[in-house]
Amino acid sequence: MSHFDVSAVQADFPILKRLIRGNNRLVYLDSGATSQKPISVLDAEREFYTQHNAAAHRGAHQLAEEATEIFEAARGKVAAFIGAKVDEVVFTKSATESINLVAYSFGNADLGTKFHIKAGDRIVVSEMEHHANLIPWQELAKRTGAELVWLSVTDDGRLDLSNAERIINAKTKVVALTHQSNVLGTINPINEIAKYVRNVGALFVLDACQSVPHYAVDVKELDVDFIAFSGHKMLGPTGVGVLWGKQELLDEMPPFLTGGSMIETVTMESASYLPAPKRFEAGVPNMAQAVGLGAAVDYLNRIGMEKIHQHEVELTKACIERLSQIPQLKIVGPTDMELRGGVVSFTLDGIHPHDLGQALDQYGIAVRTGHHCAWPLMKKYRVVATTRASLYLYNDLADVEALVTGVERARDYFLGR
Amino acid sequence: MSHFDVSAVQADFPILKRLIRGNNRLVYLDSGATSQKPISVLDAEREFYTQHNAAAHRGAHQLAEEATEIFEAARGKVAAFIGAKVDEVVFTKSATESINLVAYSFGNADLGTKFHIKAGDRIVVSEMEHHANLIPWQELAKRTGAELVWLSVTDDGRLDLSNAERIINAKTKVVALTHQSNVLGTINPINEIAKYVRNVGALFVLDACQSVPHYAVDVKELDVDFIAFSGHKMLGPTGVGVLWGKQELLDEMPPFLTGGSMIETVTMESASYLPAPKRFEAGVPNMAQAVGLGAAVDYLNRIGMEKIHQHEVELTKACIERLSQIPQLKIVGPTDMELRGGVVSFTLDGIHPHDLGQALDQYGIAVRTGHHCAWPLMKKYRVVATTRASLYLYNDLADVEALVTGVERARDYFLGR
Amino acid sequence: MELDSLYQEVILEHYKRPQNKGLLPNQTVQVHHVNTSCGDEITLNLKMINGTIAEISWDGVGCSISQASTSVVSELLKGKDSAAALAIIDTFQAMLQSKGSDLGDESVLEDGVAFAGVAKFPARVKCALLGWMATKDAISQSLALTSNVKKEQR
Amino acid sequence: MELDSLYQEVILEHYKRPQNKGLLPNQTVQVHHVNTSCGDEITLNLKMINGTIAEISWDGVGCSISQASTSVVSELLKGKDSAAALAIIDTFQAMLQSKGSDLGDESVLEDGVAFAGVAKFPARVKCALLGWMATKDAISQSLALTSNVKKEQR
Ligand SMILES: Cc1ncc(COP(=O)(O)O)c(C=O)c1O
Ligand SMILES: Cc1ncc(COP(=O)(O)O)c(C=O)c1O
């Protein structure tokens with residue numbers, strides 16, 4: 001386990017020194033919900049505010065020039081991180097906004113354009129989607145009369161592609177899928193699915209919330225049209241997300257939010273719009289947050305995404321192995337490391353996840369319990385909720401051991417009495 | 001000029017110590033675009049990240065509990081600041097999003113509900129709107145077939161209400177107006193206009209971007225239905241805005257962004273939604289930014305909005321008086337202090353605002369030049385652009401003097417050669 | 001240890017042997033409540049006779065706190081009239097929202113005071129309230145039914 | 001002083017006495033360009049004769065930089081053929097986007113080198129390019145016209 005110096009990484013995250021419920025070391029295993037932030041990200045934001053703060057793209061004075069340059073440099077960093085062109089990176093407030101942006105923009109598209117969705121068209125999602133990549137499509141389907149159809153999941157937590165060709169049929173205009181499930185840890189075979197999508201000429205939207213933070217993602221290699229992810233899950237600040245889209249698509253799509261800084265000309269009657277990314281960034285942007293995200297990307301690059309991935313794979317493997325030794329425990333999701341990320345969901349016979357999570361919290365271990373914003377998936381697997389441990393670069397084997405010991409203690413606490 | 005200790009205030013804003021274009025003191029007169037931030041706001045964000053960061057409303061562990069509590073406390077502060085109930089405060093990413101939220105939500109409303117807009121209905125704005133409070137309504141009108149109509153401005157920069165009763169007629173479903181013009185400084189007589197709006201039973205949306213940061217605004221006194229404003233213009237972080245709406249309206253309106261944390265139940269086919277504010281806050285929220293905005297509100301309260309307003313009125317008065325002594329200079333907007341805020345736009349004969357702004361920047365003075373995202377207003381007054389100085393609590397008479405001297409120097413530089 | 005202050009013996013008892021679990025027929029009102037943040041669900045049947053709670057039966061899935069607290073409320077309110085029942089529910093709710101300052105009146109809440117510790121865990125307050133809010137809702141609905149019947153009779 | 005490095009004498013000269021300002025008739029192509037961040041506008045007429053720029057005339061409102069630079073380009077490209085004109089425009093654009101490292105070749109850009117200082121003021125680069133981009137657009141459109149005519153003749 002020497003891909004990089006994990007204890008040096010831990011030292012960069014001040015919150016890891018916190019004591020929980022009295023005197024317990026914080027064992028943070030909830031990075032799938034939101035990651036912690038290194039000092040360098042906080043410093044980048046502070047430096048922006050104390051040295052360069054002004055409205056980017058809106059002033060000719062020195063601070064405004066500097067703010068513009070630093071903000072655009074952050075865009076450049078994010079673009080390079082995912083192998084994109086700089087103008088293909090749109091800053092949003094979150095992955096949720098990114099996906100809604102695409103769905104609303106499609107909904108705004110004129111009849112006859114390739115984005116227009118109408119009754120008879122089909123939108124395809126999957127049973128393992130986070131609500132953020134499900135409900136916007138339900139709503140778009142409702143508004144347009146299109147049909148919402150989905151790929152199922154198999155009992156071992158994989159996407160069922162056996163009927164993919166029937167589901168992704170000629171009527172299909174959009175396929176919206178998650179890159180990695182935030183519950184199961186499953187990584188979906190995007191290039192394979194892309195073939196079905198391309199065959200029918202549909203648009204492919206990828207929810208990359210759980211992939212971009214954890215392993216190298218290159219949009220040129222993924223054969224998709226849009227990807228969405230959040231800054232706060234990849235060491236960045238809250239309040240910033242990213243939509244990447246192919247330039248020729250972004251430049252043709254109708255805008256979503258309208259207002260200042262995204263217009264070409266405006267009269268009282270109507271307005272015309274700038275090309276992407278500005279077209280989709282109405283208003284004074286979330287400058288400090290974009291800058292913080294740029295610093296997060298610098299941090300991840302300094303460690304190296306390949307090493308981070310290796311580290312997480314080893315930890316996850318250990319985590320699954322050790323948890324599986326607890327007789328009452330059932331892993332929900334794949335138990336092999338083939339196409340699998342560092343998210344481990346499980347149930348414990350006779351103990352509700354809420355109670356388990358509460359006990360773990362008492363020992364300083366932060367996990368997520370509940371439906372994980374993937375309620376249909378819970379119903380599919382006939383569980384009310386699961387307990388989820390999610391790993392990141394600052395976790396180590398001691399954290400995994402703490403989890404396992406914690407689960408055993410909790411079990412004995414509830415079932416032993 | 002002793003409403004409060006301005007130099008003590010200045011000491012709280014580290015950026016004011018910056019030197020510009022060599023060795024000039026920064027004279028920041030662009031707070032109308034974005035304000036500077038006191039250390040206490042930056043510290044509040046940092047403390048959130050280094051002590052309590054976790055996904056609010058999504059976890060049962062201690063950090064998640066703390067994050068939820070601190071985030072909701074910020075909502076409470078903002079609510080108290082504008083005299084609202086806590087559940088009436090929706091955190092958005094910006095005023096631009098707040099206004100778009102309302103427009104899109106109306107657009108999503110079912111036929112028969114009070115928010116539904118259709119062909120034959122009327123949406124009323126004014127000629128002095130910022131693009132953020134104009135284009136969303138143009139687009140809504142386009143999508144629904146409604147008619148967009150507007151109140152004019154008079155030559156002296158006031159809203160022309162002489163035909164208000166004809167403009168705001170029985171067909172009118174929405175009136176969207178700015179509280180204070182970001183170009184002219186004009187404060188509109190909202191209570192007076194509200195009478196026309198109430199007479200016809202329309203919904204009243206107020207763009208409070210330039211009012212809430214500068215003087216006490218109480219939503220109970222304003223007879224409006226929604227107000228929108230941005231955190232970054234009131235000492236808060238970028239990436240956070242507010243929508244206030246009457247509770248009974250917010251609870252009935254369809255959602256805008258959909259995704260996690262705003263749902264009641266979800267199946268593959270459809271979802272039902274929580275009441276406001278959660279209904280309108282899909283996804284992991286901009287927690288640190290909301291917390292920073294809470295700290296900004298604390299800071300403003302510590303000085304006192306009444307004192308801040310008095311201070312700005314005196315500065316603005318001095319600014320208008322002194323600028324008016326420059327023969328080539330023309331103020332665009334009211335020159336008396338009756339219903340007027342601290343934004344002063346002007347033109348200088350023979351010198352384009354871009355050139356003037358450039359020269360001022362060279363002397364360390366940051367102003368805004370251009371159309372100020374109010375292009376139709378520029379056309380109305382037959383100017384290409386104006387130069388705008390906007391004042392805030394950290395400005396003083398020395399800043400006003402610097403501006404006047406700077407304008408004179410610039411005039412001599414361009415016209416004297 | 002703080003975990004014990006949350007998981008009182010009484011709570012774990014009710015969790016293991018929940019009272020009135022399993023829906024009984026002939027209810028006056030049936031309600032279905034969901035804890036939207038975790039997915040826990042409860043269905044509750046309320047049978048009123050002459051303005052008095054004759055029977056509360058329920059079914060559902062949930063954590064120990066929500067199961068035990070539903071068990072407690074279903075026992076506690078049996079035989080009470082609507083007004084008294086609603087008052088007790090309010091007392092319970094106030095205790096849970098007190099952040100730990102209100103330890104509950106055992107003469108009113110009986111086993112319900114065991115949930116006083118939950119108030120210190122904000123994320124769990126909803127669990128403890130799930131069954132109680134369902135009961136409150138059911139009582140309100142049954143009152144509305146009665147007043148409708150009365151109106152019709154007039 | 002840095003202001004002088006931006007506002008070179010040559011620029012202020014052109015600003016005060018702009019060349020070819022006022023639209024001439026009989027243009028091959030007319031274009032209208034806007035600087036979306038400040039509202040400056042320009043209309044430009046291009047007259048081509050046998051693939052050579054016979055005349056550039058223009059009108060519009062704008063700052064000294066945009067007015068002067070349009071004046072310069074309208075003089076400089078007169079008599080050049082399309083290819084040469086486009087190459088000169090590219091050279092100018094490269095200089096302005098160099099952030100100050102490219103001082104411009106006076107033998108190619110003539111008065112245009114006076115705008116080298118603008119490259120250090122990113123917000124003003126668009127001003128200096130407004131007339132040049134309009135000219136580039138007009139030349140491209142005239143080339144498209146010619147090739148369409150040729151296609152029709154075939
Ligand atoms: C009057 C007015 N409305 C709306 C806005 C838009 O605010 P933001 O860009 O923060 O969304 C601004 C500021 O730019 C403004 O001055
Ligand atoms: C797979 C997936 N999609 C979408 C989201 C939504 O991200 P956010 O809440 O940051 O918008 C999340 C995280 O919550 C996620 O895990």
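Proteins get letters first, then strands, A, B, ... in listed order; numbering begins at 1 in each. Just so we're clear, the structure is a prediction, and the values are computed from it rather than from any experiment.
Although no hydrogens or angles enter the test, the distance criterion places no donor-acceptor pair under 3.5 Å between the side chain of A:Asp355 and the main chain of C:Cys63.
Remark: A:His354 NE2 to C:Ile65 CD1 distance equals 10.0 Å, nearest 0.5 Å. Once rounded to the nearest 0.5 Å, the distance linking CD of A:Gln362 with OG of C:Ser5 reads 7.5 Å.
Residue-environment remark: NZ (C:Lys99) stays at or below the threshold of 12 foreign heavy atoms within 6.0 Å. Atom CD of C:Gln97 is surrounded by more than 12 heavy atoms from other residues, nucleotides or ligands within 6.0 Å. For NZ of C:Lys21, the number of neighbouring non-hydrogen atoms (other residues, nucleotides, ligands) closer than 6.0 Å is greater than 12.
With hydrogens and angles left out, the side-chain atoms of C:Asp40 and A:His352 include a donor and acceptor closer than 3.5 Å.
When every heavy atom of C:Tyr15 is checked against every heavy atom of A:Ile351, the shortest pair comes out as OH-CA, 4.5 Å.
Residues of residues 366-381 of chain A that come within less than 4.5 angstrom of chain C, heavy atom to heavy atom, are A:Gly370, A:His371, A:Trp375 in numerical order.
The residues C:Arg124 and A:Asp361 are annotated as not salt-bridged, no charged nitrogen and carboxylate oxygen being separated by less than 4.0 angstrom.
For A:Phe414 and C:Tyr7, the ring centers are positioned less than 6.0 Å apart.
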